[in-house]
Amino acid sequence: FLGENIFVIGYPTSIGLKRIKQFDYNRPLLKRGAIASISNTYKTIIIDCPVYHGNSGGPVFLERTDFNRYSLRLLGVVSQYIPVLSKTASKKEMTIQNSSYAVIVPIEYAVNLILSQ
């Protein structure tokens with residue numbers, strides 16, 4: 001799993017300059033990345049792929065190419081991004097930035113949550 005290719009599909013509403021109309025917010029955007037870690041403790045997958053407000057709940061696909069065979073598998077859904085906290089120059093305040101890592105809930109866990117309702 002580690003290092004394998006993934007891609008996220010979502011509607012990241014918090015990016016872009018809406019006054020300039022950089023892209024169509026009614027159409028999903030695709031973002032590529034890789035599996036960075038698997039947490040057995042938290043039962044989550046960490047991906048090296050920035051996500052933003054609007055990506056939460058969006059699908060994450062595992063992409064494989066083996067000997068001229070291409071396959072996609074639904075890996076999970078975006079749960080949250082992992083922030084980086086930095087002190088400002090005055091050291092009195094903190095800024096929050098996107099670390100380019102995100103937390104994914106495996107699809108098996110998400111399906112079990114849905115079915116238990």
Side-chain angles (χ1 to χ4, degrees):
F1 261 140
L2 293 181
E4 288 197 89
N5 295 325
I6 56 95
F7 64 87
V8 175
I9 299 175
Y11 295 86
T13 58
S14 62
I15 66 171
L17 302 171
K18 291 175 179 65
R19 287 182 274 164
I20 297 177
K21 310 264 185 205
Q22 293 175 304
F23 64 95
D24 185 349
Y25 286 92
N26 295 315
R27 297 185 52 89
L29 291 178
L30 181 141
K31 188 76 174 161
R32 291 187 175 277
I35 295 174
S37 180
I38 297 170
S39 173
N40 293 323
T41 303
Y42 299 113
K43 296 179 177 35
T44 57
I45 300 166
I46 307 303
I47 59 170
D48 182 4
C49 182
V51 298
Y52 305 93
H53 178 75
N55 281 118
S56 297
V60 178
F61 292 93
L62 178 64
E63 181 180 42
R64 287 184 172 154
T65 304
D66 299 316
F67 304 106
N68 297 324
R69 201 172 113 223
Y70 181 80
S71 68
L72 280 179
R73 189 185 111 196
L74 180 58
L75 185 63
V77 295
V78 175
S79 172
Q80 57 189 299
Y81 81 98
I82 299 174
V84 172
L85 300 175
S86 303
K87 289 185 179 179
T88 59
S90 68
K91 303 204 186 265
K92 293 181 181 177
E93 297 177 12
M94 298 290 282
T95 61
I96 298 174
Q97 298 174 345
N98 194 322
S99 70
S100 296
Y101 290 102
V103 179
I104 306 305
V105 174
I107 194 60
E108 298 82 8
Y109 182 73
V111 167
N112 286 337
L113 279 176
I114 293 167
L115 294 177
S116 68
Q117 298 300 319

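If you're wondering where the values come from, they're calculated on a predicted model, not measured in any experiment. All residue numbers in this chain count up from 1 along the given sequence.
Among residues at least two apart or in separate chains, there is no ring-ring contact (aromatic ring centres under 6.0 Å, His included) pair with a member in residues 80-109. The list of salt bridge (Lys or Arg N to Asp or Glu O under 4.0 Å) pairs with a residue in residues 65-85, not counting sequence neighbours, is empty. The side chain to side chain donor-acceptor pair (under 3.5 Å) contacts involving residues 16-31 comprise nothing, where partners must be two or more places apart or lie in separate chains. Applying the salt bridge (Lys or Arg N to Asp or Glu O under 4.0 Å) test to residues at least two apart or on different chains, none of the pairs has a partner in residues 102-117.
A continuous path of ILVMFWY side-chain contacts below 4.5 Å connects L2 to V8, so both sit in one hydrophobic cluster.
E4 pairs by the salt bridge (charged side-chain N to carboxylate O under 4.0 Å, His left out) definition with R64, not counting sequence neighbours. Qualifying salt bridge (charged side-chain N to carboxylate O under 4.0 Å, His left out) partners for R32, counting only residues two or more places apart in sequence or in other chains: E63. Not counting sequence neighbours, I114 has no partner by the side chain to side chain contact (heavy atoms under 4.5 Å, CB included) test.
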Enumerate, atom names and distances included, each donor-acceptor pair closer than 3.5 Å involving a side-chain atom of residues 39-55, sequence neighbours excluded.
{"unit_1": "S39", "atom_1": "OG", "unit_2": "Y42", "atom_2": "N", "d": "3.0"}
{"unit_1": "N55", "atom_1": "OD1", "unit_2": "Y52", "atom_2": "N", "d": "2.9"}

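Rounding to the nearest 0.5 angstrom, the gap separating the NZ atom in K87 from the CE atom in M94 is 6.5 Å. Distance check, rounded to the nearest 0.5 Å: CG of L29 to CZ of F23 gives 5.0 Å.
With a 4.5 Å cut-off between side-chain heavy atoms of Ile, Leu, Val, Met, Phe, Trp and Tyr, the cluster of L17 takes in I20. Here F7 is tied into one hydrophobic group with I9, L30, F61, Y70, L72, L74, I107, V111, L115, each link being a pair of ILVMFWY side chains closer than 4.5 Å.
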Candidate pair V60 and V77, rule side-chain contact (heavy atoms from CB on, under 4.5 Å), full reasoning
CA-CA 6 Å; V60 178; V77 295; 6.0 Å; no

Run the numbers on I35 and L62 for side-chain contact (heavy atoms from CB on, under 4.5 Å), then give the verdict.
CA-CA 9 Å; I35 295 174; L62 178 64; 4.0 Å; yes

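Scanning all heavy atoms of the two residues, the minimum distance from P83 to S99 falls at C-CB, 4.3 Å.
Within a 6.0 Å radius of CD1 in I96, other residues, nucleotides and ligands contribute 12 heavy atoms or fewer.
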